[in-house]
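Single-structure report; data block below.
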Amino acid sequence: MKFFFPDSQDQVDPSFDFITEERDPFRVRQRDDLYAHEVLTEAPFDGILVSKAIVDGQAGSAGKYTGAQRHRLYREGAERFFRLNHGHTPLKIMGDCGAFSYVAEEYPPYTVDDVIDFYDGCGFHYGIAVDHVIFQYEPKVSRDDERASEWRRRQEITIELAEQFWQRCKARRVDFTPLGVAQGWSPQSYADAVAALQRMGYRRIALGGMVPLKTHEILACLAGIDDVREAATQLHLLGISRCEDVPTFSRHGVTSFDSTAPFRQAFKDDRDNYHASSRTYIALRVPQVDGNAKLKARIRSGEISQAQALKLERTALSLLRQYDDDKVDVELVVEALADYSAVWDGKSDRSSQYRETLTDRPWRDCSCDLCKALGIEIMVFRGAERNKRRGFHNLYVFEQRLRANKEGTLRDQDRD
């Protein structure tokens, strides 16, 4: 099972000083900042998923790439741009259209040739056909049901574009492997889409629109697809990262998937910010005084002085570092975090969760390069440089768990 990490220009600055929080003034982001596969000794994924919507944007909205970054990607190609051969087994690049970005549109904003130009121009290894997302899951609604009219329209658009994509890829003799997309709202509709794509000639098919589905619903769709899937057909799950279900997914022909979930949990989740091998931990929130909107509003209103807020912030950071050096007791640190939280948050009491994180010190048991280098700084929820590094750590743990599940699946197959 191959894991592709969706690119969103997530890099970290190696010159960042965690004590002074300053960086090299001559830093150039694309040239100097590092991707996860450069920070960690072993890449925490098998490849990168790059979206046209992220790079090029669409009418009325820009992508996440600057003009200079975009031109550099096209000029140098993906392997050089992402530095994929930097001390690792060469990683693969998969391209997609970014259908989530235009889900509200009547029709996809890109032509088939637009997308092929993007994939071939950047030197991708795999390219996903243009598709139109269906978010609903109604397993009892048939294709002829009036309730399915919009879903059917989107599925038909996706199938028509897949046919055009397949024919244009053959005519243009592209260097990447094309993937069709199956969109559906039920096990039967997904099976119908896969059958249609196989008739066109696709042997790699991505399954879209499954992000909101529960695991048993995904498995029901995969079981339905089993009835039509040919032995040579490989499936890719778009946006799905259920690590514990990998062995089951693989038995249904799934050979790859992509997701940002482990990375984003580092700074988007309320509790599960740091992944350990068997559980997750909450990160220790110490926001910057000048970077927290709620706290800045209280300072402006005169409710609290800036000097007091800065003192509480600095005390919390100092005690965290002293704790990591075994110089202070855990309760003193928890109290300092609670005192500062009362100022910047004033609602949530996370003391018991903080105490558990601090007592267990999971960063000391982790073998990833980031935990060994940063110590307790990896646990501090504060700004992109710490939060993204914690996200990279989560990718490392996710890859370790994925590898363990792969090995377990192989052992089961050997016994069978």
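These numbers come from the heavy atoms of this one structure, side chains and all, not from hydrogens, waters or symmetry mates. Residues: numbered from 1 along the sequence shown. Computed from a predicted model, the values in this text were never measured in an experiment.
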Do Ser8 side-chain atoms and Asp10 backbone N/O form a donor-acceptor pair below 3.5 Å?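 Checking the backbone N and O of Asp10 against the side chain of Ser8, no donor-acceptor pair under 3.5 Å is found.
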
Just by modelled atom types, is the His252 backbone N or O under 3.5 Å from a matching donor or acceptor in the Arg229 side chain? yes

Donor + acceptor pair across side chains of [X], [Y] (<3.5 Å):
X      : Y      : result
Arg143 : Gln155 : yes
Asp113 : Thr111 : no
Glu160 : Gln164 : no
Tyr74  : Asp56  : yes
His125 : Glu79  : yes

What's the separation between atom [atom1] in [X] and atom [atom2] in [Y], rounded to the nearest 0.5 Å?
X      : Y      : atom1 : atom2 : value
Arg389 : Cys371 : CZ    : SG    : 12.0 Å
Leu179 : Leu238 : CG    : CG    : 8.5 Å
Tyr281 : Arg361 : OH    : CZ    : 12.5 Å

Please determine whether the number of non-hydrogen atoms from other residues, nucleotides or ligands lying under 6.0 Å from atom [atom1] of [X] exceeds 12.
X      : atom1 : result
Gln288 : CD    : yes
Arg153 : CZ    : yes
Arg314 : CZ    : no
Arg271 : CZ    : no
Lys294 : NZ    : yes
Arg279 : CZ    : yes

Which of Leu395, Leu370, Asp33 passes side chain to side chain contact (heavy atoms under 4.5 Å, CB included) with Val39? Answer is Leu370

The test is side chain to side chain donor-acceptor pair (under 3.5 Å); show your working for Arg242 and Thr215 and say whether it passes. CA-CA 8 Å; Arg242 320 279 168 88; Thr215 297; 3.0 Å; yes

Ring-face cation contact, Phe381 with Arg390, 6.0 Å cut, 45° max: yes

Taking the six-membered ring of Phe135 as reference, does the cationic atom of Arg154 (NZ for Lys, CZ for Arg) lie under 6.0 Å from its centre and within 45° of its axis? no

Measuring centre to centre across the rings, with the benzene-like ring taken for any Trp, is Tyr126 within less than 6.0 Å of Phe124?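 Judged by ring-centre distance (under 6.0 Å), Tyr126 and Phe124 do not meet the cut-off.
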
Carboxylate-amine/guanidinium proximity below 4.0 Å for Asp345 and Arg285: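 So Asp345 does not pair with Arg285 through a salt bridge.
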
Among Phe5, Tyr396, Phe45, which residue satisfies the ring pair (Phe, Tyr, Trp, His ring centres under 6.0 Å) criterion with Phe263?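 The passing option is Phe5.
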
Identify the residue among Phe398, Tyr274, Trp363 that makes a ring pair (Phe, Tyr, Trp, His ring centres under 6.0 Å) with His393.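 Answer to the ring pair (Phe, Tyr, Trp, His ring centres under 6.0 Å) test with His393 among Phe398, Tyr274, Trp363: Tyr274.
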
Test Asp270 against Arg350 for salt bridge (charged side-chain N to carboxylate O under 4.0 Å, His left out), laying out the working first. CA-CA 10 Å; Asp270 189 50; Arg350 302 181 177 90; 3.8 Å; yes

Which of these, Gln234, Gln198, Glu230, sits in a side chain to side chain donor-acceptor pair (under 3.5 Å) with Arg203?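 Per the side chain to side chain donor-acceptor pair (under 3.5 Å) rule, the option paired with Arg203 is Glu230, out of Gln234, Gln198, Glu230.
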
